[in-house]
Amino acid sequence: MKTILVTGGAGYIGSHTVKQLINNGYKCIVLDNLIYGHREAVLTPYFEISDLMDKNSLDKIFSKYQIDSVVHFAAFAYVGESVHSPKKYYENNVIGTLNLLDVMLKHNVKNMVFSSTCATYGEPKYIPIDELHPQRPINPYGRSKLIVEEILEDYHHSYDLRYISLRYFNAAGCSKDNDIGESHSPETHLIPLVLKAIIDQNKPIKIFGSDYDTPDGTCIRDYIHVEDLAVAHQLALEKLDDYSGCINLGTGIGTSVNEIIKAAESITGKICPIEYTQRREGDPAKLFATNEKAKRILGWIPKYNDIRDILSTAWSWEINRKY
Ligand code: UDP
């Protein structure tokens, strides 16, 4: 049985990946500082409360377990906060990763799947976005992830690190069983906020801009189900012997903010109160991926291609929340 260290395994995508790996015969060790993660989301008995800034503690974890590979999610991920507190982002996301890599190499662990993001691309020059699209992130969060991607590439060449950086588009939905789901504090993402507005009719969802150059004037994104992301992490772990590099994870389908709201109204049978506001800084009109490389290299095919199916899992979590 392979042993995988999952940093940030108490977070949204991390916890779904742990579930996927455990269900497929892996032993998972979760490392999380629980600043944003949830204890209830940790589905493995092997849980270490630790922080990437604490190298001694990392060293102890690598001594305690015979780790084969690392799936590295632990990071701060609020774009707006990163603009106001870049130091926090560079320290945690970049120095934290350097600490992790140091300890990995010391213990001769040379396999990493890294949680990256389409935010490394910045303003799109063309769509759909492929992996060759220029990377010019427009905020410190995206830059911190791009810096780590580049560090991994250098460590691959110089220290034989095998890595795959997975660039997610918009993660959405939750486990079909509703045992784990999406829970951020503060919540900033569109889908949970739409569902909350449907539940609490007094708090309308703010639509950030309705004058974009899109068919209905609202922004278009590529919403990818979190269980499809989790499967891709397993496939990436199993591909590390043959391939190192960067891979997009999206459905290739663009959905507008208005389409999300209409679909949410249709699956819940309720009206979503809305309020049009001005554009949010740094939001491109359209972002969606081509996932050809993920299909070719990983053999990954997303199962959720209908936004209503994704929203249904998010809705059943929202009305049965465990945390
Ligand atoms: N959005 C919105 N109102 C909100 C949150 C998001 O209109 O309260 C829009 C946002 O402008 C973007 C899309 O919904 O076009 C997805 O935003 P989210 O923050 O979920 O993800 P992002 O694309 O920023 O990673």
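Atoms within each ligand, like the ligands themselves, are counted from 1 in listed order. Numbers here are sequence positions counted from 1. Bear in mind that the values here come from a model prediction, so they are computed numbers and not experimental data.
- A salt bridge is absent between D130 and K293; no separation between the charged side-chain nitrogens and carboxylate oxygens falls under 4.0 Å.
- Between the side chains of T120 and Q135, at least one donor N or O lies within less than 3.5 Å of an accepting N or O.
- Considering only non-hydrogen atoms, atom 15 (O) of ligand 1 lies nearest to C219 out of C219, A77, A285, G282.
- Close approach of ligand 1 to K206 (heavy-atom distance below 4.0 Å) involves ligand atoms 2 (C), 3 (N), 4 (C), 7 (O), 8 (O).
- Of the charged side-chain nitrogens involved, none lies within less than 4.0 Å of a carboxylate oxygen, so that E123 and R136 do not count as a salt-bridged pair.
- Taking every heavy atom of I205 and a limit of under 4.0 angstrom, the matching atoms of ligand 1 come to 8 (O).
- Of the protein's heavy atoms, V257 CG2, 3.8 Å lies nearest to atom 9 (C) of ligand 1.
- Within the structure, ligand 1 lacks Y212 among the residues with a heavy atom less than 4.0 angstrom away.
- Distance from atom 19 (O) of ligand 1 to its nearest protein heavy atom, with residue and atom name: R280 NH2, 3.1 Å.
- A donor-acceptor distance shorter than 3.5 angstrom exists from the side chain of N111 to the backbone of D68, with no hydrogens or angles considered.
- Side chain of Y12 to backbone of A172: a donor-acceptor contact under 3.5 angstrom is found.
- Less than 4.0 angstrom separates some heavy atom of L193 from each of these atoms of ligand 1: 8 (O).
- Between the side chains of E153 and Y163, at least one donor N or O sits under 3.5 Å from an acceptor N or O.
- The option with the heavy atom closest to atom 14 (O) of ligand 1, from among L190, T188, N170, is L190.
- Side chains of S175 and H16: no donor on one and acceptor on the other come within 3.5 Å.
- Considering only non-hydrogen protein atoms, atom 11 (O) of ligand 1 sits nearest to D283 OD2, 2.6 Å.
- With a heavy-atom cut-off of 4.0 Å, H189 touches ligand 1 through backbone and side chain alike.
- Here the closest heavy-atom approach between residue W317 and residue C174 is recorded as CB-SG, 3.2 Å.
- Interface atoms of ligand 1 facing I207, defined by a heavy-atom separation under 4.0 Å, are 7 (O).
- Looking only at protein heavy atoms, the nearest one to atom 1 (N) of ligand 1 is F208 CD1, 3.6 Å.
- Between the side chain of D222 and the backbone N or O of A289, at least one donor-acceptor pair lies under 3.5 Å.
- Of all the heavy atoms of Y223, the ones lying under 4.0 Å from any atom of ligand 1 belong exclusively to the side chain.
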